[in-house]
Each structure stands twice: as C-alpha cells, then as structure tokens.
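Report on the following structure.
It should be emphasised that the depicted structure is a prediction, and the values quoted were computed from it without experimental measurement.
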Amino acid sequence: MCDTVNRCEAQLAEWVGAAFRAAFGEAAGLEAARVQAATDPRFGDFQCNDAMAAAKRLRQPPRAVAEAVVRALPLPPMLEKVEVAGPGFINLTVSPAWLAGQVAGLAGAPHFGLPDLGRGRTVVLDYSSPNVAKPMHIGHIRSTVIGNAIDRMYRALGFRVIADNHLGDWGTQFGLLIQGYRAFLSDAEREALTVEALERVYVQSYNRSKEEPGWLDACKAELVKLQQGDPENRAIWERFIAISRGEFERVYTRLGVGFDLWRGESFYNDILAETVALLEERGLAVESEGARVVRLEDEGMPVCIVRKSDGGYNYATTDIATVRSRVAEFAPERVVYVTDERQQLHFRQFFAVCAKLGYTTHLEHVWFGLMRLPEGTFSTRQGNVIKLEALLDEAERRALEIIQASNDGMSEDEQRELAAAVGIGAIKYADLSHDPQTLIVFTWEKALALEGNSGPYLQYAHARVCSLLDKYTALVPGRDPQASPLLLAEPVEKALALQLMQFPAAVVRAAEAYKPNVLADYLFGLSQTYSSFYQRSPVLKAEPEVRDSRIRLCAMVAQVLAEGLGLLGIRAPRRI
RNA sequence: GCCCCUGUAGCUCAGUCGGAUAGAGCAACGGAUUUCUAAUCCGUGGGUCGCAGGUUCAAGUCCUGCCAGGGGCGCCA
C-alpha cells in the first residue's frame with residue numbers, strides 16, 4: 001500500500017511512466033515510474049530519478065535517457081515545466097491551477113483524502129498493558145502514547161482496530177501481594193486501598209521473602225490457593241485489579257486513551273493447559289529438564305519454555321494462548337504488540353511457535369527503546385521511578401504558568417483546560433516526534449518543551465489559523481471563500497499547497513512503518529511553512545481575491561493540523 | 001561467546017526504495033512587533049555522517065571487518 005496512495009503524485013507518475021514507454025517502449029523496464037517531492041524547491045515541485053536507473057538497462061548515458069523521456073510527450077496541462085538536470089534528474093513543475101484543484105479535492109474528502117486502505121481488514125493492537133498493583137510510571141508512557149497513535153492512524157485508514165489492554169494481572173507476584181496484604185496493612189488501609197499501598201506491600205513482602213524462606217513458602221501457598229480458585233484470595237485479587245484499574249482509567253482519561261478490551265493475562269488461564277496439550281499433540285512441545293519446551297534450533301533461537309518444571313505456565317504460554325483466542329474470535333489480518341526492546345527475543349520465539357502451529361496471521365512486534373534517566377535505568381527497587389501522574393501534573397502546571405502570564409481574559413476553567421491540552425500535548429509530542437526505536441534519556445526539560453519542535457508549537461500554529469478564520473467570518477459575515485479561486489501566486493503559498501498534498505502519504509508511511517514520528521515530522525514541517533507564510537503574507541488585509549484565496553489555504557492548514565494532531569492523540573484547541 | 005539496536009553540528013534528533021550543495025530544534029550571536037496571537041518569524045556561525053575497506057554513474061543510506069554505547073540470551077514479564 002504505498003506508491004499509489006497519493007492520487008496526486010500517482011497522476012504525475014503515470015505521465016512520466018507513459019513518457020518512458022513512448023521513448024523506449026517496454027525496454028525501459030519500468031513497472032511504474034516513481035515520482036517524489038523535489039528535494040529542493042529550486043529543482044521544481046517533483047522529481048523522478050528513474051532515468052538514471054534505466055540508463056544501465058538501456059545502455060545509454062543517463063542524461064540522454066532523461067532528455068529523450070522529457071521530449072517524448074507533449075506537456076499535459078497539469079505540468080508547467082519539465083526539465084533535465086544534473087546527471088539525469090527529471091524535474092517537474094506543476095501548474096498552480098492543477099495543484100489548487102488537487103488540494104481542494106483533498107480538503108473536501110474525509111480525513112483530508114486518507115485512502116480507505118483498511119476496508120474489511122482487522123488489526124488487533126496490544127499496547128500499554130501495565131501491571132496490576134503497581135503505579136504507572138514514565139516507562140509506561142511510550143507504549144501507551146505510541147500504541148494509541150498507531151491505533152488512531154489505522155482507524156482513520158479504515159481498519160477495524162481492536163485495541164486491547166493486556167494487563168499484567170496474573171503471576172507469581174500475587175502470592176507476595178496477598179500474603180503481604182494480610183500481614184502489613186491495617187484494617188483502615190485495607191478499607192481505603194490504594195495502588196501506592198499495594199506497591200509498598202509488594203516491596204516489603206519481596207524483601208522479606210529474600211530473608212525468610214518461610215515467608216516465601218507462605219506466599220507460594222497463597223498463590224496456589226488463588227490459582228485453585230479459593231474464594232477469599234480470589235476476592236482479594238479482584239480487589240487489586242479493581243483498584244488498579246481505577247488508577248489506570250484516571251491516567252488514560254487524562255491522556256485521551258481508550259481501549260476496546262481490557263483482557264489481562266488471567267483472561268486466558270482456562271486455555272493454557274489445552275494450549276500446551278495442543279503443542280504436545282503436534283509434537284512441538286517436548287520434555288526438557290522437567291519443563292515442556294518448544295525447540296527452535298532451526299530458527300536459530302533458544303528453546304521456548306511453555307510449561308515450567310513446577311507445572312506452572314509462563315508468559316510464552318499465555319501469549320500463544322492469547323493468539324489462539326484472538327484469531328478465533330476476531331480473525332485479524334495482523335496482531336500488533338507495542339512493547340519495549342527487551343522483549344524482542346521473546347516475541348520472535350513465540351511468533352515462531354505460532355507459525356509452527358500453522359497460524360498465518362501476521363504477528364508484528366513494534367518495539368521501542370527504553371526510557372532512562374540521566375543517572376541510569378529506573379527501577380522500583382532503586383526508588384527512582386517518576387510516576388506518570390506526577391509527570392502529567394508537572395506538565396500542566398508549567399503550561400498553566402505560561403497561559404496565566406499571557407492572561408487575556410480567559411476564565412480560570414478555560415485556562416486549566418487549555419493547560420491540560422498543552423501540557424499533555426507537549427509530553428506526547430516529545431515522545432511521538434522521535435523514532436520509537438531510539439533510546440530516550442528522560443529530562444523534564446525535554447519532555448516539557450513548549451517551543452521549537454514541540455507539541456505546543458503545532459497547537460499554537462493551529463490556534464493562530466483558527467483565529468484568522470474566526471476574524472475572517474467576522475470581517476465578511478456570510479461570505480463563502482470556497483466560491484473564490486485558489487490562486488497560489490506566491491512561492492510560500494505554493495509550498496503550502498504542495499505540503500498539504502503530502503498529508504495522506506505521510507499518514508500512510510507513518511502507519512505502515514509504525515512510526516508516528518513520520519507524521520509528527522510532517523506536521524512540524526507544515527507548521528513551519530505556515531508560520532513563515534503567516535509572518536510574511538497578510539490575509540485579512542489583502543485584496544478580496546487574494547484574501548479569499550489565502551483564507552481557503554488557511555482553512556486547509558487548520559484542517560490538516562487538527563486531523564494530524566488528532567491522529568497523534570494530541571488535542572488542537574482553537575484558542576491558545 | 002552468540003543475537004538485536006544505536007553511533008549524523010556543542011546538546012537533542014530528522015534524513016522515504018541508494019540520488020543533486022546532509023537538514024531541523026535547543027544553545028550562541030544579530031535582526032523583525034503603531035500591522036491577522038512574539039509559544040512566532042528572518043539571518044549568521046557551527047559537520048572526518050564512529051573508524052577502515054568494498055559494491056556503483058551515485059553511499060549518511062547497501063555489504064564486510066573493527067571500535068564505542070544500550071538491550072537480550074531456559075523455568076520473571
């Protein structure tokens with residue numbers, strides 16, 4: 001799904017392809033000409049580099065090939081100029097009228113012309129997935145924010161997306177927690193249970209288990225009781241989940257993140273045994289050192305343990321069982337997991353096991369680099385975790401300070417709401433504007449940047465456009481600029497139109513590669529061009545014809561910025 | 001030891017299927033506001049794209065080796 005996404009570019013590519021065939025017939029060996037945005041405006045608007053690649057097959061100098069192509073067909077109306085440059089670049093300059101028609105067409109289409117690639121296709125998206133009984137910290141932000149952006153992009157492209165929050169709600173830690181819950185908490189603390197209390201209980205219980213074997217045994221006994229369905233332990237465990245879920249929901253609400261499903265690991269408990277049985281039936285799971293493992297030598301990987309020597313199951317089993325369940329229930333084309341880089345081997349292993357089981361569903365692990373502090377990795381035990389809520393609070397506080405300083409008659413509530421949009425937007429953008437696979441060293445300064453290449457920069461550009469649109473309506477009430485032609489006389493106007501035209505392709509590229517930063521980069525570039533335009537080209541004060549044309553351009557910029565920020569999960573307030 | 005990722009300006013990072021003189025932001029310096037939101041814009045300085053080979057018309061991008069950093073490698077997830 002890529003080359004033909006941008007219908008506008010496709011028209012150009014089609015013409016160039018026809019010119020190749022006119023000049024060289026099928027000898028050119030081009031399935032389709034590739035046309036891309038020019039690397040420098042001095043070269044025109046678009047360029048095609050295929051002549052240089054074809055030169056070898058044609059046994060002719062690249063420059064001569066390009067010149068023959070350029071001369072092969074008469075210039076169509078959409079092109080103003082076609083010329084050869086350098087070793088054989090074919091540079092295309094489009095006519096402003098054609099360009100205006102193209103962007104106007106996009107502006108009238110849903111999602112500014114995003115193609116409906118996902119029709120009839122289902123994607124299960126597994127992201128965020130925090131652990132029960134632990135507070136969300138800044139390490140969770142990447143999976144949550146990147147996963148959510150992928151979610152939004154795929155939905156906009158027409159996919160049926162099933163976003164599932166695969167909570168860590170099962171496992172050995174619950175023995176420690178239940179035992180500690182009974183021992184360390186007062187009645188009052190148990191009554192008003194919080195995630196903080198649970199976290200404290202866990203650390204305390206863990207430490208004691210290290211010193212006191214008897215304590216560890218007691219914890220294991222509680223775990224077994226839970227697994228066997230003991231009503232009392234079951235009730236406590238459910239309470240842990242309810243308390244945690246309340247906390248998670250609070251954070252997700254602030255982040256504007258939502259899920260279709262909240263199916264934790266425990267959801268699949270009932271099919272773990274049959275999953276291992278299935279693996280054994282197929283001859284895939286074999287005994288090794290008391291455990292059941294699937295050998296993956298042929299795939300060049302270590303064995304994958306699917307049942308521990310104590311009879312318990314581990315995460316690989318749960319993940320395989322989860323695939324079985326999801327395939328049976330949703331028949332997805334793909335299942336996408338968003339987790340940190342440390343789990344790469346695990347995913348490769350259990351993907352391989354699923355392939356051995358005959359699953360053809362495309363399983364994709366989208367991994368991102370760890371977030372660390374300048375002084376090193378953070379961990380609960382070192383006590384240097386930064387809670388996600390603290391980060392959000394700080395972001396909103398800093399945004400509010402700036403908003404209050406430029407106090408222009410907004411009510412207190414409006415200011416607070418705006419601070420939330422700007423603060424959270426800054427945090428999200430700081431993450432989404434980087435390639436997910438880079439390691440991020442967290443600093444408050446970077447995460448909360450409000451100027452330059454930042455979320456607020458884009459929001460500010462958007463708010464300024466909106467302000468212009470409102471003032472236009474007030475200036476000439478009832479007038480519809482759509483009735484006026486889009487002129488694109490100034491270079492910066494043409495640059496804006498060209499950039500607007502790239503929106504669908506940017507979204508598709510970002511979605512395909514699971515890299516929201518591709519979209520973020522695009523939006524930043526558009527905002528830069530717009531800010532430059534805004535600075536040098538008066539809109540409301542221009543002659544009516546120019547004014548109406550420019551306001552149409554502004555309306556399209558507002559549309560794309562709102563749409564694009566929306567796809568990143570960043571709010572775009574009309575006023576800042 | 002083996003596997004994965006990263007190395008681009010002082011700092012943080014972009015760089016599409018190999019294309020033209022490698023781009024942004026921050027920081028520094030110099031400008032722009034009686035004019036549509038200065039969270040802005042315009043300009044200046046700043047580079048051995050980790051190192052060494054190779055592939056080719058063309059390499060930051062592909063291949064090999066090396067160096068440095070991060071992560072992973074059987075019963076945690």
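- Considering only side-chain N and O atoms, Gln349(A) lies nowhere under 4.0 angstrom from the phosphate OP1 or OP2 of rG72(B).
- With hydrogens and angles ignored, a donor-acceptor pair closer than 3.5 Å exists between the side chain of Tyr315(A) and the base of rA77(B).
- If you check every strand for non-hydrogen atoms under 4.0 Å, Leu475(A) touches nothing.
- A cation-pi geometry, defined here as NZ or CZ lying under 6.0 Å from the six-membered ring centre and within 45° of its normal, does not hold between Arg263(A) and Tyr268(A).
- The nearest heavy atom of RNA chain B to Tyr313(A) and to Lys471(A) marks one nucleotide each, and the one closer to the 5' end goes with Lys471(A).
- Note on ring orientation: taking the six-membered ring where Trp is involved, the planes of Phe503(A) and Tyr522(A) are tilted (angle from 30° to 60°).
- Looking at heavy atoms from C-beta onward, Leu223(A) lies in side-chain contact with Gln227(A) at the 4.5 angstrom threshold.
- Between the side chain of Gln528(A) and the base of rA24(B), no donor-acceptor pair of N or O atoms lies under 3.5 Å.
- Across rG23(B) and rA32(B), the matching P atoms stand 28 Å from one another, rounded to whole Å.
- Within 4.0 Å of Val441(A), counting heavy atoms only, lies no atom of the nucleic acid at all.
- Pair check for rC29(B) finds rG43(B); Watson-Crick or G-U wobble, both atom distances under 3.5 Å.
- Closest to the Ala85(A) side chain, of the nucleotides rC5(B), rA20(B), rC13(B), is rA20(B).
- Stacking is found between Phe43(A) and the pyrimidine-like six-membered ring of the rA20(B) base under the 5.5 Å centre-distance and 30° plane-angle cut-offs.
- Within 4.0 Å (heavy atoms only), Leu345(A) reaches sugar-phosphate atoms of the nucleic acid but no base atom.
- Relative to the side chain of Trp367(A), the nucleotides rC5(B), rG71(B), rA14(B) differ in distance, and rC5(B) lies closest.
- Counting any heavy atom pair closer than 4.0 Å across all strands shown, Ser537(A) reaches a base atom.
- Applying the 4.0 Å criterion to OP1 and OP2 of rU16(B), one finds that Lys515(A) has every side-chain N and O outside that range.
- Under the 30°/60° scheme for interplanar angles, the aromatic rings of Trp444(A) and Phe442(A) are found to stand perpendicular.
- In this structure a side-chain-to-backbone donor-acceptor pair under 3.5 Å is present from His137(A) to Gly139(A).
- At the heavy-atom level, Asn49(A) lies under 4.0 Å from base atoms of the strands shown.
- Using Watson-Crick or G-U wobble geometry with both donor-acceptor distances under 3.5 Å, rC49(B) finds no partner in any strand shown.
- Between the side chain of Asn91(A) and the base of rA20(B), at least one donor-acceptor pair of N or O atoms lies under 3.5 Å.
- Across all strands, Val293(A) comes closer than 4.0 Å to base atoms (heavy-atom distances).
- Within the 4.0 Å cut-off from OP1 or OP2 of rC75(B), not a single side-chain nitrogen or oxygen of Ser309(A) is found.
- Residue contacts for Asp435(A): at a heavy-atom cut-off of 4.0 Å it reaches the sugar-phosphate backbone alone, with no base atom in range.
- A sub-4.0 Å separation between OP1 or OP2 of rA38(B) and a side-chain N or O of Arg464(A) is present.
- If you take atom C1' in rG60(B) and the same atom in rU16(B), they sit 14 Å apart, rounded to whole Å.
- In this structure, Phe89(A) counts as stacked on the base of rA20(B) under the 5.5 Å centre distance and 30° plane angle limits.
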Pair Tyr127(A), Asp164(A) - check side chain to side chain donor-acceptor pair (under 3.5 Å), show working. CA-CA 7 Å; Tyr127(A) 74 96; Asp164(A) 188 6; over 6 Å; no

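- Within 4.0 Å of Pro302(A), counting heavy atoms only, lie sugar-phosphate atoms of the nucleic acid but no base atom.
- Of the candidate nucleotides rU40(B), rG19(B), rU21(B), rU40(B) has the atom nearest to the side chain of Tyr457(A).
- In this structure, the nucleotide among rU56(B), rA39(B), rG70(B) sitting nearest to the side chain of Lys56(A) is rU56(B).
- Note on Arg575(A): a base of the nucleic acid sits closer than 4.0 angstrom, heavy atoms only.
- Taking the C1' atom of each, rA77(B) and rA38(B) are spaced 49 Å apart, rounded to whole Å.
- In the interface, the side chain of Ser531(A) is not paired with the base of rC41(B) through any donor and acceptor atom under 3.5 Å apart.
- Across the strands present, rC13(B) finds its partner in rG23(B); the criterion is a Watson-Crick or G-U wobble pair with both atom distances under 3.5 angstrom.
- Between rU61(B) and rG53(B), the two P atoms lie 14 Å apart (nearest whole Å).
- Using the six-membered ring where Trp is involved, Phe351(A) and Tyr337(A) have ring planes that are tilted, between 30° and 60° apart.
- Picking from rU12(B), rC36(B), rG71(B) the nucleotide with the shortest atom distance to the side chain of Val539(A) gives rC36(B).
- When each of rG19(B), rG71(B), rA14(B) is scored by its nearest atom to the side-chain atoms of Met52(A), the top-ranked nucleotide is rG19(B).
- With distances taken from any side-chain atom of Ser532(A) to the nucleotides rC42(B), rU37(B), rG25(B), the minimum falls on rC42(B).
- Salt bridge annotation for Arg398(A)-Glu394(A): present, with a cationic side-chain nitrogen under 4.0 angstrom from a carboxylate oxygen.
- Ala55(A) comes within contact range of no nucleotide atom at all, as no heavy-atom separation falls under 4.0 Å.
- Within 4.0 Å (heavy atoms only), Gln173(A) reaches no atom of the nucleic acid at all.
- In this structure, Pro456(A) and Glu445(A) both approach RNA chain B, and ranking their closest nucleotides by distance from the 5' end singles out Glu445(A).
- Regarding the sugar-base torsion, rC17(B) falls in the syn class, its angle being within 90° of 0.
- Candidate nucleotides rA39(B), rA20(B), rC42(B) were compared by shortest atom distance to the side chain of Tyr460(A), and rA39(B) ranks first.
- Summarising the geometry, atom OG belonging to Ser527(A) is positioned 9.0 Å from atom CD belonging to Gln499(A); distances are rounded to the nearest 0.5 Å.
- Nucleotide rG7(B): paired with rC67(B) (Watson-Crick or G-U wobble, both distances less than 3.5 Å).
- In this structure, Ala53(A) reaches the bases: a heavy-atom distance under 4.0 Å links it to at least one base atom across the strands shown.
- Looking at the side chain of Gln535(A), the nearest of the listed nucleotides rU40(B), rC75(B), rA20(B) is rU40(B).
- Distance check, rounded to the nearest 0.5 Å: CG of Leu540(A) to OH of Tyr472(A) gives 9.0 Å.
- Under 3.5 Å, the side chain of Arg42(A) and the base of rU21(B) form at least one donor-acceptor pair of N or O atoms.
- Residue-level contact check: Glu265(A) touches the backbone only, with heavy atoms under 4.0 Å from sugar-phosphate atoms and none from bases.
- Here the separation of rC13(B) from rG47(B), taken at their C1' atoms, is 15 Å to the nearest Å.
- rA59(B): no Watson-Crick or G-U partner with both key distances under 3.5 Å is found in any strand.
- Counting atom types as modelled, Ser288(A) pairs a side-chain N or O with a base atom of rG74(B) as donor and acceptor under 3.5 Å.
- The side chain of Lys308(A) has rC75(B) as its nearest neighbour among rC75(B), rG72(B), rA14(B).
- Residue Thr339(A) has no polar side-chain atom (N or O) positioned under 4.0 Å from OP1 or OP2 of rA77(B).
- Among the protein residues, Leu468(A) comes within range of the nucleic acid bases, having at least one heavy atom under 4.0 Å from a base atom.
- In this structure, rG1(B) and rC73(B) make a Watson-Crick or G-U wobble pair, each of the two defining distances being under 3.5 angstrom.
- When the P atom is compared between rC66(B) and rC26(B), the two are found 41 Å apart, to the nearest whole Å.
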